[in-house]
Every structure is written in C-alpha cells, then in structure tokens.
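Structure, as structure tokens:
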Amino acid sequence: MSEAITGQAKLFDPLTTKGTAFTHAERRKYGLLGMLPTAEKTLDQQVEHSWREFSTRRPGLDQHIYLRALQDRNETLYYRLLHDHIAETMPIVYTPTVGEACQRFSEIYRRPRGLFVSYPDREHLREVLSNRPHRNPDVIVVTDGQRILGLGDQGIGGMGIPIGKLSLYILIGGINPARTLPIVLDVGTDNVELLEDPQYLGWRHRRIDDEDYYAFIDEFVAAVRDELPDVLLQWEDFATAHAQPILERYRDELLTFNDDIQGTAAVAVGALHGATKVAGVPLSQQQVVMLGAGSAGIGVLNMVKREMVAQGLSEQEATSRIWVVDVVGLLTDDRADLSDGQRAFAQPTSSVGDWGLSGPAQLADVVHHVDVGVLLGLSTAAGAFTEEIVRELAAKTERPIIFPLSNPTSRAEAHPAELDEWTGGRALIATGSPFAPLHRDGVERPVAQCNNAYIFPAMGLAVTAAQATRVTDDMMRAAATSLGDASPALRDPNQPLLPAWSEVPDIAVKIALAVGRQAVADGVAPKRSDDELAARIAEVRWIPDYPST
C-alpha cells in the first residue's frame, strides 16, 4: 500500500516517511525531488538532531509536547529516539508527565489521534469504528477518563493515557504502530472545572448514570467484536466501581484484560518475587498489608493470594495473611460497605477483638499488632506511610518490603529516600512513579519502579504472536514469574528489584515467550512449540528502522 504513496502524501505520512533520510534515488522514485533540503541524513543523525532539540525543551510538559509532535511527524524516528534514550524519555512519554498532559489535554491539543467515541454518537458506533485510521489493529487501549492515575476524572483528557500506553506497546513490545488504536469513551465528566472551561473539547455534560453507562459499554464491545473480532482490548483507568464489573463481564467473551487490575498485579508480584527472595522469607510466610482497596489494590492481592496458594497454602490460610486498609479502616467482615472483591479479603472481626480499639483499625494499628513484612500502597494518599509506621515495621523484620505504588509522584505514600533513612537502608523498595536514585555509603542505588510497562507490552506481543483468544489469570502469573526471574536483586541484593529500562525490550521477549507458552497450555492459543513461538515473536515484532527501498 505504502509503495503507491508519492509526493506530499509520502512525505507527510508519519508511518512511511523518512524525512531528510530519503536518498536521492528515493526522492526521484517518490516524486520528492526538490521537496527536501539537499543533505541526506541517516536515522542515527536524525535521532542525534532530535535529541538535541528535545534536550533544549523545558523538562516535563514541553518535552512531552515536543515528542507528541515528533510522533505525528515521523513515527519511526520517534520510536528510535525513545529506544535510544528509554530511561530519559519514559517519564516524559508516560508517568508522571502524562498526568499533566491529560489535565491540559484540551489546551495542548494539536492533531487528532485515535478515536473519540462519544455518547451522543451512540447510534453510530459502527460508523465511528469504521472511521479508524488503521484498518487492522492488533491492540486497542480504551479509557473513559474517569480515574486517570491518581488525578481523578479528566473527561476526554484521558485520551493521553491510551496514546501513551500504546507508545509503550510499540517501544517495548514491538507492536507495529500501524496496528494500534487509542480510544476514549466520552460519556461526560463530573469534573466541574472541565465543564466550566471554555477550552474543554469533550461532551459538556455530567457523566451518564450506570444504567446508560453499561448499555453504552455493551454497544461499544459489540461493535468492536463485530468489526475487529481478534483485537486485544485493554481497559485503562476506569473507576473502581466500573473496572471490575467490566472485566468480569467481558473477559470470557473476547481477548481482553484490565491493566490497572491485572497488569498492576503482575508487576507488583514480579517485584515481590525478587524482594521475598532477598529477604529470605517466601511470600507464603509473609504478613502482607495493603493500603488502598480500589480495583488495582484488590487486583494485586488476588494475585498475591494465588501466589501464596501456589507456594502451598490453602486459600483460607493465604487470606488470613492479607490485611487491607481503606479510607475507613481495616476491611472486616462486619462492614456493610464492601464490594464482593473487597469482602474476599475482610478479616474476621474477632482478629482485632483484643486490640482495644474504639473504631475501625487504621494502618498504624495493623502494623502495631501484626508482624508485617510487606507493606503495599495503592491508596493515592500522599505521605500515608509515616515515619512512625515505617520505623515500627522495620523493627519487626530484618528486610522490610515497602512498595508505595500510587501514581503520580505527588500521590506516593512515601518517598524512597525517607523509607531508606527510616529503615537504616534495610528496606526493599519499589515505587509506582519514577524517583531519583538513593545515595547511601557513597553508592548510588536506583529505585525500582513498578511500572506496568514491564508487563502489558509483553502481553500484547505474546497474544499477537501466539494468536491467543483470551487472557487468563495463569498467563498473567506467568508474566509476573518471568519478570521476577529477571530481577537484578537476585544476583546482587544491593541492586534494584526490577531491571533497568534499557533491558526491558529484551526482557519483554522472554516474558512474551512465557505468556505464549501458558496460553498454549491453557488451550486459548494454537498448539506451538517453544521454538515455533519464538519464531512467531521475532516475525511479528516491529523494530524502529527505515526499510531499504
């Protein structure tokens, strides 16, 4: 198809352009002679030039805007730049900078990307989908913008999340950019600032009620299934009240998963795999506390429980070792305000009966009365892991495992430097957002970031290569185990719990192979040997390089 494109269409097609890298012969071939400066640059020279430009922009949103413009202009150059500078650009392409980009989406909007599926267009959903820019996507990332990172309802601004996520599917997982589709479901917003903002580009309406909402989701899924029956549909940043019901409703009907629930769980358990080995106490023997009982927190704990059971505990024994604290306090079986997912982790009221409390047990009470070894946070409650709580936890175990996982950085339960100080350097730490390295004893120690980018790009590569029809829980566990096996801390306890970003694209291939193998074992993908799966992964994996023509 691209061979037929010539002239300006060729020059300005972001998927096939080479810009100044078109050779003289190619300029003659495609009708570009005279349309470009005389010099012919290599891709490496273009990357060097673009990196200098990027580096002159103010850190944060200005750099994000520059990269988005480069992506709109030349996707191969964009992804090669990210690939060559992955550690520096990850925080700009995704967390934490993408949070501000979502908040200011209407203000910084330049060019359309993806599909805006609006509730007022509900009678024309198939027409909307048929207008997609690329005919055969392998991966869709969809959000409704209601719970963007820890920032709440961003309405149509949530589109920044699918765009950013798919950039990482391509960069790390090697999904072809022409086979991706970001979607935002515009079902209104309850963010009053947006509703009153004259620049806001979304449907200026309060969010629709649940009856209309679920009917709209049903219609959307039906349209996707009819138009694109083999696509991977990833749900992203849906409110807790909607995320789990949507996943449960569709997970057995099509190839789908929820990254906040399942991806977050896989990367957290992957990091715990390394942490518990360094600590010398298996997960099944740990007492685990989670601050936060939203869909992400419960998703993590479901996988933690499955891992404990895999290590020999009964379900009841595993559940008894898991303590969950929400904004009210400890989840206990006498509370009437719990969802089914939360109730599965409610402790018997009798377990706190002798704690002498006048109200629900809080995080400090749990840490005081229980021999906690693992403290996890997905609460978006900044600073909730206080010095007093952390010091008491550290007094009970030689290597406390503490993961403040909330995004963005401003919502983290604690900062790594604080945790390091309060535990005398003994804490095994992983965070949700990027933080500066720790400095102790004259040594710089990088902090592991439990970014879902360790998992979801590999999942996309796996299901595409293996031609899977479903995403199973065991496929997610296989991803977590494979990631955990790559932990640098297993080789050196002073190293971070998760690999460096520069290694992640190669590790994604290993994770994809493990997930593909599990998909075959689960009967949701055609039978293939490991060698055949490896060949399929190599065949479908896209590399950011210009084709020779």
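- A ring-centre distance under 6.0 Å is not found for Tyr119 and His205.
- Without hydrogens or angle criteria, Asp260 side chain to Ala296 main chain gives no donor-acceptor distance under 3.5 Å.
- Within the model, atoms OG of Ser295 and CG of Leu378 stand 9.5 Å from one another, a figure rounded to the nearest 0.5 Å.
- Using modelled atom types, no side-chain atom of Asp121 and backbone atom of His124 make a donor-acceptor pair closer than 3.5 Å.
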Which is it for Thr481 and Leu483 under the side-chain contact (heavy atoms from CB on, under 4.5 Å) test, yes or no, and what are the steps along the way? CA-CA 5 Å; Thr481 300; Leu483 175 60; over 6 Å; no
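- For the residue pair Tyr214/Asp209, the side-chain donor-acceptor check at 3.5 Å is not satisfied.
- By the 4.5 Å heavy-atom criterion applied to side chains, Val471 and Leu232 are counted as neighbours.
- No hydrogens or angles considered: nothing links the side chains of Thr97 and Gln63 as a donor-acceptor pair under 3.5 Å.
- By the 4.5 Å heavy-atom criterion applied to side chains, Leu181 and Val139 are not counted as neighbours.
- Atom CZ of Arg28 has 12 or fewer heavy atoms from other residues, nucleotides or ligands within 6.0 Å.
- Ring centroid separation for the pair Phe116 and Trp203 does not come in under the 6.0 Å cut-off.
- Side-chain N/O atoms of Ser482 and Asp485 include no donor and acceptor closer than 3.5 Å.
- Contact detail for Leu32 and Gly7: the closest heavy-atom pair is CD2-O, 3.2 Å.
- No more than 12 heavy atoms of other residues, nucleotides or ligands shown are found within 6.0 angstrom of NE2 on His24.
- Taking the six-membered ring where the residue is Trp, Trp235 and Tyr250 present parallel rings, their angle staying beneath 30° rather than reaching 60°.
- His83 NE2: 12 or fewer foreign heavy atoms inside a 6.0 Å radius.
- Between Arg122 and Glu219, none of the side-chain N atoms (NZ, or NE/NH1/NH2) sits under 4.0 Å from a carboxylate O, so this pair counts as no salt bridge.
- Between Asp153 and Arg207 a salt bridge is recorded (basic side-chain N to carboxylate O distance below 4.0 Å).
- Side chains of Thr143 and Asp237: no donor on one and acceptor on the other come within 3.5 Å.
- With rounding to the nearest 0.5 angstrom, the OH atom of Tyr30 is 10.0 Å from the OG1 atom of Thr6.
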Run the side-chain contact (heavy atoms from CB on, under 4.5 Å) check on Leu70 and Leu77 step by step: do they pass? CA-CA 8 Å; Leu70 180 60; Leu77 175 55; 3.7 Å; yes
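- Leu67 has its side chain within reach of Leu81: a pair of non-hydrogen atoms, C-beta onward, lies under 4.5 Å apart.
- A side-chain donor from one of Glu236 and Gln234 sits under 3.5 Å from a side-chain acceptor of the other.
- Summarising the geometry of Ser406 relative to Arg411, their closest heavy-atom pair is CB-O, 3.4 Å, with the distance given to 0.1 Å.
- Contact of the Arg73 side chain with the Tyr78 side chain is not registered, since no non-hydrogen atoms from C-beta on lie closer than 4.5 Å.
- Between the side chain of Gln45 and the backbone N or O of Thr42, at least one donor-acceptor pair lies under 3.5 Å.
- No salt bridge links Asp252 with Arg470; every basic N to acidic carboxylate O contact stays at or beyond 4.0 Å.
- In this structure the side chain of Glu26 reaches within 4.5 angstrom of the side chain of Lys18, judged on heavy atoms.
- Between Arg536 and Glu532 there is no salt bridge, since no side-chain N of the basic residue sits under 4.0 Å from a carboxylate O of the acidic one.
- Judged by distance alone, the side chain of Asn131 and the main-chain N or O of Glu127 form a donor-acceptor pair under 3.5 Å.
- Listed here is the closest heavy atom pair of Ile108 and Ala101: CD1-O, 4.0 Å.
- In this structure, CZ on Phe257 lies 9.5 Å from CG on Leu233, to the nearest 0.5 angstrom.
- In the model, Tyr66 has no side-chain atom that pairs as donor or acceptor with a side-chain atom of Gln71 under 3.5 Å.
- A donor-acceptor pair is defined here as one N or O able to donate and one able to accept, closer than 3.5 Å; such a pair exists between the side chain of Tyr454 and the backbone of Pro499.
- Panel note: side chain Arg80, backbone Val47; no donor-acceptor pair is recorded below 3.5 Å.
- Judged by distance alone, the side chains of Thr264 and Asn452 do bring a donor and an acceptor atom under 3.5 Å apart.
- The existence of a salt bridge linking Asp506 and Lys510 is excluded, since no basic side-chain nitrogen approaches an acidic carboxylate oxygen closer than 4.0 Å.
- In this model, no donor atom of one side chain and acceptor atom of the other lie less than 3.5 Å apart for Arg477 and Gln518.
- Counting only distance, with no hydrogens or angles, the side chain of Arg225 and the backbone of Phe220 share no donor-acceptor pair below 3.5 Å.
- Under 4.0 Å is where a charged nitrogen must lie from a carboxylate oxygen, and between Asp62 and Arg57 no such pair does.
- Between the side chain of Thr240 and the backbone N or O of Gly294, no donor-acceptor pair lies under 3.5 Å.
- Neither side chain, Asn258 nor Gln262, offers a donor N or O lying under 3.5 Å from an acceptor on the other.
- With respect to Asp72 and Arg113, a salt bridge is recorded, a charged nitrogen being found less than 4.0 Å from a carboxylate O.
- Within the 4.5 Å cutoff, side-chain heavy atoms of His242 are placed close to those of Tyr213.
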Quick one, Phe238 with Gln244, criterion side-chain contact (heavy atoms from CB on, under 4.5 Å). Give me CA distance, side-chain angles, the key distance, then yes/no. CA-CA 9 Å; Phe238 283 74; Gln244 191 70 45; over 6 Å; no
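- Checked by atom type, the side-chain pair Thr472/Asp522 shows a donor-acceptor distance below 3.5 Å.
- Few gaps surround NZ on Lys41; more than 12 heavy atoms of other groups in view lie less than 6.0 Å from it.
- The 12-atom threshold is not exceeded at CD of Gln8, counting heavy atoms of other residues, nucleotides or ligands nearer than 6.0 Å.
- Residues Leu149 and Val98 form a side-chain contact, since some pair of their non-hydrogen atoms from C-beta on lies under 4.5 Å apart.
- With rounding to the nearest 0.5 Å, the separation of CD1 in Ile455 from CG in Asp259 is 9.0 Å.
- Environment of CZ in Arg110: crowded, with over 12 heavy atoms of neighbouring residues, nucleotides or ligands closer than 6.0 Å.
- With sequence neighbours excluded, the residues forming a ring-ring contact (aromatic ring centres under 6.0 Å, His included) with Tyr169 are Phe456, listed by chain and number.
- Taking every heavy atom of both residues into account, Glu444 and Pro437 meet most closely at CG-CB, 3.4 Å.
- Shown here is Glu193, whose CD atom has no more than 12 heavy atoms of other residues, nucleotides or ligands within 6.0 Å.
- For the pair Thr56 (side chain) and Glu53 (backbone), a donor-acceptor distance under 3.5 Å is present.
- Counting heavy atoms from C-beta outward, His85 and Ile92 have side chains that stay 4.5 Å or more apart.
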Please determine whether side-chain contact (heavy atoms from CB on, under 4.5 Å) holds for the pair Tyr200 and Asn191, giving the CA-CA distance in whole Å, both sets of side-chain angles, and the decisive distance to 0.1 Å. CA-CA 11 Å; Tyr200 182 58; Asn191 185 327; over 6 Å; no
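- Note that CD1 of Ile140 is 9.5 Å distant from CG of Leu166, once rounded to the nearest 0.5 Å.
- No donor-acceptor pair closer than 3.5 Å links the side chain of Arg126 to the backbone N or O of Glu123.
- Here CD of Gln154 is found 7.0 Å from CD1 of Ile148. Values are rounded to the nearest 0.5 Å.
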